[in-house]
Amino acid sequence: QVQLVESGGGLVQPGGSLRLSCAASGRTFSSYTMGWFRQAPGKEREFVGFINWSNTQTYYADSMKGRFTISRDNAKNTWYLQMNSLKPEDTAVYYCAAARRPTEVWSEYAYWGQGTQVTVSS
């Protein structure tokens, strides 16, 4: 059974940092693009960024550029989302996902985690 499990979410003050992890099991994702998405209450799912299978390409939504960094450790079947300079508008449930190719389109991601809540508030 394939599972993606996010961890590392929580409550952080504006300007703070969090690092989310996504651990995969049930198969290896070393050839997959790994992405992150988020969804705030009452809003549509939003693309955050992705990293390709070989760690040679990352891509971020404009509002995350310069603040968020995605990395991966294929040996551990795990990837990460480092979030710095967090803002209240970053509050959302964050999801990791796996796709066959680099894409911003959520429907092209075949595997999804259950999500982890990130709340940015003072």
Side-chain angles (χ1 to χ4, degrees):
Q1 182 182 358
V2 176
Q3 277 192 312
L4 304 181
V5 180
E6 300 97 337
S7 61
L11 173 65
V12 63
Q13 292 188 341
S17 298
L18 278 177
R19 188 175 85 151
L20 307 183
S21 299
C22 181
S25 61
R27 67 164 297 152
T28 181
F29 286 94
S30 58
S31 64
Y32 279 69
T33 287
M34 312 309 294
W36 289 93
F37 292 79
R38 68 185 187 183
Q39 189 164 20
K43 294 188 177 181
E44 294 186 352
R45 191 173 337 192
E46 179 183 21
F47 170 75
V48 172
F50 66 68
I51 185 167
N52 72 339
W53 70 273
S54 59
N55 269 333
T56 57
Q57 179 190 13
T58 54
Y59 182 76
Y60 303 93
D62 286 344
S63 60
M64 288 70 161
K65 288 178 182 176
R67 299 191 300 125
F68 291 9
T69 303
I70 298 173
S71 60
R72 66 189 296 166
D73 185 335
N74 285 338
K76 295 182 178 179
N77 224 17
T78 300
W79 61 105
Y80 308 94
L81 176 64
Q82 176 68 43
M83 304 185 293
N84 300 326
S85 303
L86 284 162
K87 307 174 183 179
E89 51 264 44
D90 294 318
T91 295
V93 177
Y94 284 72
Y95 299 89
C96 61
R100 286 284 190 181
R101 67 180 190 90
T103 178
E104 302 173 56
V105 179
W106 69 266
S107 60
E108 295 191 34
Y109 284 79
Y111 300 97
W112 289 84
Q114 82 289 348
T116 185
Q117 176 71 45
V118 171
T119 303
V120 185
S121 175
S122 55

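A quick note: this is a predicted structure, and the numbers were derived from the prediction, not measured. Computation of the quantities below employed the complete heavy-atom set of this structure, encompassing side-chain atoms and omitting hydrogens, waters and symmetry-equivalent molecules.
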*Asks:* Please name the pair of heavy atoms, one in P14 and one in S121, separated by the smallest distance, quoted to 0.1 Å.
*Replies:* CD-C, 3.6 Å
*Asks:* Hey, would you say the F37 and Y109 ring centroids sit under 6.0 Å apart?
*Replies:*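 Centroid separation for F37 and Y109: below 6.0 Å.
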*Asks:* Answer yes or no: is there a donor N or O on one side and an acceptor on the other, between the side chain of R27 and the main chain of V2, under 3.5 Å?
*Replies:*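 No: the side chain of R27 does not pair with the backbone of V2.
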*Asks:* Show your reasoning for whether ring pair (Phe, Tyr, Trp, His ring centres under 6.0 Å) applies to Y111 and F29.
*Replies:* CA-CA 10 Å; Y111 300 97; F29 286 94; 5.3 Å; yes
*Asks:* Look up atom CD1 in I51 and atom CH2 in W79, then write down how far apart they are to the nearest 0.5 Å.
*Replies:* 11.0 Å
*Asks:* Taking atom CH2 of W106 as the centre, does the number of heavy atoms from other residues, nucleotides or ligands within less than 6.0 Å exceed 12?
*Replies:* no
*Asks:* Does a side chain donor of either Y32 or R100 reach within less than 3.5 Å of an acceptor in the other side chain?
*Replies:*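 Y32 vs R100: donor-acceptor pair found between side chains.
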*Asks:* Tell me, do F68 and L81 make a side-chain contact under 4.5 Å, heavy atoms counted?
*Replies:*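 Heavy-atom side-chain distance check passes, below 4.5 Å.
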*Asks:* What closest approach, in Å, do A92 and Q117 show between heavy atoms, and which atom pair accounts for it?
*Replies:* O-NE2, 3.5 Å
*Asks:* Is the CD atom of E44 crowded by more than 12 outside heavy atoms at less than 6.0 Å?
*Replies:* no
*Asks:* Can you measure from CZ (R72) to SG (C22) and round to the nearest 0.5 angstrom?
*Replies:* 10.0 Å
*Asks:* Do T69 and Y80 make a side-chain contact, defined as non-hydrogen atoms from C-beta onward lying under 4.5 Å apart?
*Replies:*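 Side chain of T69 against side chain of Y80, heavy atoms only: no contact under 4.5 Å found.
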*Asks:* What are the two closest heavy atoms between R38 and S63, and how far apart are they?
*Replies:*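 Heavy atoms only, the tightest pair is NH2-OG, 4.2 Å.
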*Asks:* How long is the straight-line distance from OG of S21 back to CD of Q82, given to the nearest 0.5 Å?
*Replies:* 9.5 Å
*Asks:* At what distance, to the nearest 0.5 angstrom, does CZ of R19 lie from CE of M83?
*Replies:*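 Between R19 CZ and M83 CE, I get 11.5 Å after rounding to 0.5 Å.
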*Asks:* Ignoring hydrogens and angles, tell me if any N or O in the side chain of N52 forms a donor-acceptor pair with the backbone of N55 under 3.5 Å.
*Replies:*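 Yes, the answer is positive, given that a donor and an acceptor are paired below the 3.5 Å cut-off.
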*Asks:* Between T119 and T91 (side chain of the first, backbone of the second, donor and acceptor by atom type, cut-off under 3.5 Å), is there such a pair?
*Replies:* no
*Asks:* Keeping the roles fixed (side chain from E6, backbone from Q114), state whether a donor-acceptor pair exists under 3.5 Å.
*Replies:* yes
*Asks:* For T78 and K76, indicate whether the former's side chain and the latter's backbone hold a donor-acceptor pair under 3.5 Å.
*Replies:*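 Between the backbone of K76 and the side chain of T78 there is a qualifying donor-acceptor contact (under 3.5 Å).
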*Asks:* In Å, rounded to the nearest 0.5 Å, how long is the span from CD of E46 to CE of M64?
*Replies:*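 Taking CD in E46 and CE in M64, the distance rounds to 4.0 Å.
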*Asks:* Out of curiosity, Y59 OH to T33 OG1, how far, rounded to the nearest 0.5 Å?
*Replies:* 13.5 Å
*Asks:* Identify the heavy atoms of L20 and G9 that sit nearest to each other, and give their distance.
*Replies:*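 L20 and G9 have their closest heavy atoms at CD2-N, 3.5 Å.
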*Asks:* Regarding K87 and D90, does a basic nitrogen lie under 4.0 Å from an acidic carboxylate oxygen?
*Replies:* no
*Asks:* Do W112 and V93 sit in one hydrophobic cluster, given that two such residues count as connected whenever their side-chain heavy atoms are within less than 4.5 Å of each other, even indirectly?
*Replies:* yes
*Asks:* May I ask you to decide if I70's main-chain N or O and Y60's side chain share a donor-acceptor pair within less than 3.5 Å?
*Replies:*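 A pair under 3.5 Å: yes.
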*Asks:* Out of curiosity, does Y95 fall in the hydrophobic cluster containing L18 (side-chain heavy atoms, cut-off under 4.5 Å, transitive links)?
*Replies:*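 Hydrophobic grouping puts L18 apart from Y95.
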